[in-house]
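Hydrogens, waters and symmetry mates play no part in the numbers below; they use all other heavy atoms, side chains included.
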Amino acid sequence: MTIRLYDTSARQTRDFSPLTPGCVSIYLCGATVQAAPHIGHIRSGLNFDIMRRWFTYRGYDVTFIRNVTDIDDKIIKKSAEQGRPWWSIGYENERAFNDGYAALGCLPPTYEPRATGHVTEMVEMMRGLIERGHAYEADGNVYFDVRSHPGYLELSNQDLDNLLQPSGEGETGKRDPRDFAMWKAAKPGEPSWETPWGRGRPGWHLECSAMAHKYLGSAFDIHGGGIDLIFPHHENEIAQAKAFGDDFAAYWVHNHWVTMAGEKMSKSLGNSVLVSEMVKAWRPIVLRYYLGTPHYRSTIEYSEEALREAESAFARIEGFVQRVMEKAGGVVEPATEVPPAFAEAMDDDLGVPQALAIVHTTVRQGNSALAADDKDEAVARLAEVRAMLGVLGLDPLAEPWSGGGTERGEDLHGVVDTLVRLVLDQRQSARDRKDWAAADAIRDQLQQSGLVIEDSPSGPRWTLGSR
């Protein structure tokens, strides 16, 4: 058994070899909390949630760090526009992100540090870099000298002579326009912290280098994030950390975007689809299926048609689960191991699309067993399906989807079930008195409301239909 991952820094798929046998350390660039999350933001957390689950299944002890950037230029700009404290905006949106992750079934990180809680570590890193000749102070700003680090731009494979380094307002005193800000001098009305170089606030790149060092040490296994972070963010993280003396990440793993009309989903483009709104229109488990089942390095082009296809595909899985449970007379526990073909697909750079094909093949085999009235075979296939779905975070019989009656959605499901049963009883009464027109009319009305009615040997049952 060898897990293989596409390493952006190597530009190839590599065998995964952990720094510490039996353990995996992962740092994921998390939310910048200037606004509520859209599904493109949550996709990254979901992709790495699947990675984490697969490492856990393979027997690794996983430490998963996902940071929160709670201070940056965008948050400060929002604060000025809305006349609200920067920390109020950050906390409100941090909660919205966590609600989004939880709604789509992502496991909580091992630790979730905020940037503003780690200014001390940032000052220590800057002091060390200045002492080593890799950074300098100018006009209250602290800059990283990119020419001092020979490996700069190896991740993004750029030429330093042609580099255009993004710069922010007030970044004065640079020795070279390509140098980047680690610390920004205080401006009137902006949040600031005291340092040996005057009051100011951290630069985005410094935050992650310092927090990764704090929680994972000088070397860790995997650094993740969206492909848009490769430059400048991840490139600058590497420069700071390695110039400081850290080995930093052994593997760099990047997920692709969710796009609309070919453009990256972005708040600034006005084409965002907020998670808080999406979960009102679509079941969260269907959203997880939609966002989590394409390969993490492929683009997802958002469309309602694609979502409806995902809903229908997952409904076929749920229908199989329900039918076998009825046949078995109770819950069927997951198998202890997933099928070898599923494992092979997941080991190969988290090949979820290929793994999902094994899920659907197993469902078809189970349905054939049901048609042949082979209960044992159907139960065996369901056990395998549940094991595979569990790895993907899509098992409808497991938390958080089973709910245990604790979530409001589960309460509503029970209410709807009671009401539908009353209507189905009326339909059955019409059938008993051979009033076929009335029975059909009731069924048609239920279908128009989005319910699918299926007559089974144990009586009629309902499921949510595709839109």
Measure up the [X] and [Y] rings against each other and bin them: parallel (under 30°), tilted (30 to 60°), perpendicular (over 60°).
{"X": "His134", "Y": "His149", "answer": "perpendicular"}
{"X": "Phe220", "Y": "Phe248", "answer": "perpendicular"}
{"X": "Trp183", "Y": "Trp193", "answer": "perpendicular"}

Results of ring pair (Phe, Tyr, Trp, His ring centres under 6.0 Å) for [X] - residues two or more places apart only:
{"X": "Phe144", "answer": "Phe180"}
{"X": "Trp204", "answer": "His233"}
{"X": "Trp54", "answer": "Tyr57"}
{"X": "Tyr215", "answer": "Tyr111, His118"}

Flag the pair [X] / [Y] as yes when at least one side-chain heavy-atom distance between them is below 4.5 Å, and no otherwise.
{"X": "Trp87", "Y": "Ile71", "result": "no"}
{"X": "Arg288", "Y": "Trp401", "result": "yes"}
{"X": "Glu112", "Y": "Asn67", "result": "no"}
{"X": "Ile238", "Y": "Tyr152", "result": "no"}
{"X": "Leu274", "Y": "Pro37", "result": "no"}
{"X": "Ile26", "Y": "Ile65", "result": "no"}
{"X": "Asp61", "Y": "Phe55", "result": "no"}

Trace of the salt bridge (charged side-chain N to carboxylate O under 4.0 Å, His left out) decision for Glu169 with Lys77: CA-CA 12 Å; Glu169 182 183 350; Lys77 182 179 179 182; over 6 Å; no
Would Asp72 and Arg201 count as a salt bridge (charged side-chain N to carboxylate O under 4.0 Å, His left out) here? Give the steps. CA-CA 8 Å; Asp72 83 331; Arg201 60 182 175 85; over 6 Å; no
What I want to find out is whether [X] reaches [Y] closely enough, with some N-O distance under 4.0 Å, to be called a salt bridge.
{"X": "Asp179", "Y": "Arg175", "result": "no"}
{"X": "Glu311", "Y": "Arg308", "result": "no"}
{"X": "Glu190", "Y": "Arg199", "result": "no"}
{"X": "Glu92", "Y": "Arg84", "result": "yes"}
{"X": "Arg114", "Y": "Glu94", "result": "yes"}

When Lys264 is tested against each of Thr299, Asp228, Thr259 for side-chain hydrogen bond (donor to acceptor under 3.5 Å, both in side chains), which residue passes?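 Running side-chain hydrogen bond (donor to acceptor under 3.5 Å, both in side chains) over Thr299, Asp228, Thr259 with Lys264 returns exactly one hit, Asp228.
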Looking only at the side chains, is there a donor atom on one of Ser167 and Lys174 sitting less than 3.5 Å from an acceptor on the other?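 There is such a pair between these side chains.
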Are a donor atom and an acceptor atom from the side chains of Asp139 and Thr172 found within less than 3.5 Å of each other?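 Yes - a donor-acceptor pair under 3.5 Å links their side chains.
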Check salt bridge (Lys or Arg N to Asp or Glu O under 4.0 Å) between Arg14 and all other residues, then give those that pass, not counting sequence neighbours.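 Counting only residues at least two positions away or on another chain, Arg14 forms a salt bridge (Lys or Arg N to Asp or Glu O under 4.0 Å) with Asp7.
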In this structure, is the centre-to-centre distance between the rings of His234 and His254 below 6.0 Å?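 Yes; His234 has its ring centre under 6.0 Å from that of His254.
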Aromatic contact, His41 with Phe97 (centres under 6.0 Å):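 Aromatic pair counts; centres sit under 6.0 Å.
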So is Arg381 actually on top of Phe320's ring, under 6.0 Å and inside 45° of the axis?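 No, Arg381 and Phe320 do not form such a contact.
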Non-neighbouring partners of Arg147 that pass side chain to side chain contact (heavy atoms under 4.5 Å, CB included), sequence neighbours left out: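 Side chain to side chain contact (heavy atoms under 4.5 Å, CB included) check on Arg147 returns Asp145, Leu160, Asp161, Asp176, Arg178.
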